[in-house]
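Below: one structure, written as structure tokens.
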There are 2 protein chains.
Amino acid sequence: MKNIDWDIYRCFMTVARGGGLTGAAQATGLSPATIGRRMLELEEHTGRALFIRSQTGYALTADGRLLFEQLQEMEAAARKVESWQQESEGNTIVRIAAGTWGSWLIAENFPAICTERDSFGISLSIGEARASLAYRESDIGIRAFEPEETYLASRLIGEVAYAAYRQKNAAGGTERWVAVSEDEARSAYLRWPHDKASARIVATVTRPRSLLDLARAGAGKAVLPCFVGDLDPQLERAGEEIDGLRHRQWIVMNNEDRHRRDIRTVVDRMTRLFRSHVDLFAGKRPRRNAI
Amino acid sequence: MKNIDWDIYRCFMTVARGGGLTGAAQATGLSPATIGRRMLELEEHTGRALFIRSQTGYALTADGRLLFEQLQEMEAAARKVESWQQESEGNTIVRIAAGTWGSWLIAENFPAICTERDSFGISLSIGEARASLAYRESDIGIRAFEPEETYLASRLIGEVAYAAYRQKNAAGGTERWVAVSEDEARSAYLRWPHDKASARIVATVTRPRSLLDLARAGAGKAVLPCFVGDLDPQLERAGEEIDGLRHRQWIVMNNEDRHRRDIRTVVDRMTRLFRSHVDLFAGKRPRRNAI
DNA sequence: TCGATGTTTTTCATGAGTGAAAAACATATG
DNA sequence: CATATGTTTTTCACTCATGAAAAACATCGA
């Protein structure tokens, strides 16, 4: 039972994520050949088949997924070390995980979060999947559901409301809808068009962000958070707030990281930014061109 | 900021534990030269001095200790993976951490814990330091203080009493004591001779286990747990139970590991073994030659 | 003071692990 | 059905990390 090279674990994770040798190769800088050999070594060591190899890439077996789960913890520990290292170098990175529209707001107001004079950088990872801070993939997250994990600290930001929007003064075809494709529609507001007006959907996209562009271009009506729709001078509401979609919103962070200066300041600034938009979030009629 | 080879972290841990390159070399199977080079690489990567190098070995700096702390988490995760691997191979190892006398009892009754027919092995790590299950260095521990960590499951075993013992029918010199050297005396019962009879100590040893041998040989009186002294046919009590040393005792295990079959059975057997000695632990007069 | 011993560090030849490129192989695409 | 594209896998030089041995260096004991 000789010990295996820990770096093979790291390799495994990039293969699992990259979906194959080539993906992992360019992620790590190693050659596909080397990585392939290492994965063979790992499989031999564990005595289990970890991958289903095919011409389209490497897919995880059940055992592979199990290993993946376990190694996430190891990654979390490694990340902790990495961030400790960066601390001394002065240039730290604060990783924020947010949904499409939270990220949008942050991006629009980036100077309010991070300026030239700050010594830290921002990494903004955008996705609809619920932000998992468990393995420290991110430092700060924006959530639409109440955080229950004990290791998380959270700040309630307020409520966010939704409504349908269309191009201002749109000509006709008011019953045309645009939506996110059904299998990508994870959040309630994304599923709404499918539930309520599926026959009228004239275009689907794979990323929610494109809904805004489509609506603006007059392609049809889209369900958007009010703070997005109301802020856009080219859009107008097509109906009242959609009840049942309204939900609360939290900023969450890992409890252990509260001491990190850079994270604290980013959280504080994010809180200020979001709190200043609290009326917009809630759908209260805004003054135009607010940003 | 390129990523560092995870295996260097593992290397670092063995150096930190081994106290230098040679120690780590024979622990890992690598050569001192290689390990030395890797540690240089690590220091360069972190940008911090991790070691104080001298002709007597490598000592950790403050930063080194900090890194060590952090990497323990990584080790814990790796251990988890390792044990998962072993699961499939059938030959698992259950790691028990116990004090000198707990270990002694287990060793004396080893067949009650693990027989030929069991597919698992036992690793018994002996030490006075409080068993840390936090980083999964062990699966099961024996403790003399109430477990408060939420991630631990525990079973109360009963109380353990202490008394002074001497060779049976010892000739004279009844006021000679043997003890553990003062700076090794961590537990209360080990400190007792220093506190109460320091002038009379004629011999000190570095390991508590040797107290039994010394007392048996007639070197002097020793403070021992009653279940040890009373079980030894060559010893007799030199006085009543020493009040104030009596304490309770727990078997603890990691909560997440309760599902592991091998760990369950070992815990169950240990519980049975210890519970069957509960009167002896408590110092109630035993029948001779009990084991 | 002077070896003896145990360190780390350096030197240098060697081979194990590596990458570039080719081969083998599926799958998508027209 | 042939072609194009993107995989994995194999092949084969070659480099770079490695280990044995020597050197350099402290510390301990006599």
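These numbers come from a predicted model, not from an experiment. Lettering of chains follows the sequences in order, A, B, ..., and the numbering in each one begins at 1.
Residue Y58(A) has a polar side-chain atom (N or O) positioned under 4.0 Å from OP1 or OP2 of dT9(D).
The minimum heavy-atom distance between P225(A) and W101(A), with the atom names listed, is CG-CD1, 3.4 Å. Scanning both residues, Y58(A) and V15(A), for their nearest heavy atoms gives CD2-CG1, 4.0 Å. Closest of all the heavy-atom pairs between A25(B) and S31(B) is CB-C, 4.1 Å.
Checked against the 6.0 Å centroid criterion, the rings of F12(A) and F51(A) qualify as a close aromatic pair.
When the P atom of dT8(C) is taken as reference, atom CD of E43(B) falls 13 Å away, rounded to whole Å. Protein atom CE of M39(A) is 17 Å distant from nucleotide atom C1' of dT7(D), rounded to whole Å. Between the CZ atom of F51(A) and the P atom of dT9(D) there is a distance of 11 Å, rounded to whole Å. Here the C1' atom of nucleotide dA23(C) and the CD atom of Q55(A) are 12 Å apart, to the nearest Å. Atom-to-atom, CZ of R53(A) to P of dT27(C) comes out at 16 Å; the value is rounded to the nearest Å. D5(A) places its CG atom 14 Å from the P atom of dA17(D), with the value rounded to the nearest Å. Remark: P of dA17(D) and CZ of R38(B) are 10 Å apart, rounded to the nearest angstrom. Rounded to whole Å, atom P of dA17(D) lies 13 Å from atom CG of D7(A).
In terms of position along DNA chain C, the nucleotide closest to S54(B) lies nearer the 5' end than the nucleotide closest to the other residue of the pair P32(A) and S54(B). Both I35(A) and L40(B) lie near DNA chain C, and the one whose nearest nucleotide falls closer to the 5' end is L40(B).
Listed nucleotides dT9(C), dG19(D), dT27(D) differ in distance to T56(B); the shortest reach to its side chain belongs to dT27(D). Set against dT18(D), dG19(C), dT7(C), the side chain of T34(B) has dT18(D) as its closest nucleotide. If you check dT7(D), dT7(C), dA20(D) against the side chain of A33(B), the one that comes closest is dA20(D). When each of dG19(C), dG19(D), dA24(C) is scored by its nearest atom to the side-chain atoms of R37(A), the top-ranked nucleotide is dG19(C).
Comparing the start and finish of the helix from dT1(C)-dA30(D) to dG30(C)-dC1(D), five pairs each, the helix axis swings through 20°, to the nearest 10 degrees.
In this structure, E43(B) contributes its side chain and L50(B) its backbone to a donor-acceptor pair below 3.5 Å. A donor-acceptor pair is defined here as one N or O able to donate and one able to accept, closer than 3.5 Å; no such pair exists between the side chain of H194(A) and the backbone of A185(A).
Atom CZ of R79(B) has more than 12 neighbouring heavy atoms from other residues, nucleotides or ligands inside a 6.0 Å radius.
Nucleic acid contact for G57(B): sugar-phosphate only, since backbone atoms but no base atoms lie under 4.0 Å from a heavy atom of the residue.
Within a heavy-atom distance below 4.0 Å of DNA chain C, the residues of residues 14-30 of chain B found are G20(B), L21(B), T22(B).
Applying the side-chain hydrogen bond (donor to acceptor under 3.5 Å, both in side chains) test to pairs two or more places apart or on separate chains, those with a residue in residues 13-24 of chain A are R17(A)-E75(A).
Remark: R48(A) is positioned above the aromatic ring of W84(B), its terminal NZ or CZ atom under 6.0 angstrom from the ring centre and at most 45 degrees off the axis.
Contact check for I96(B) versus I122(B): side-chain heavy atoms found under the 4.5 Å cut-off.
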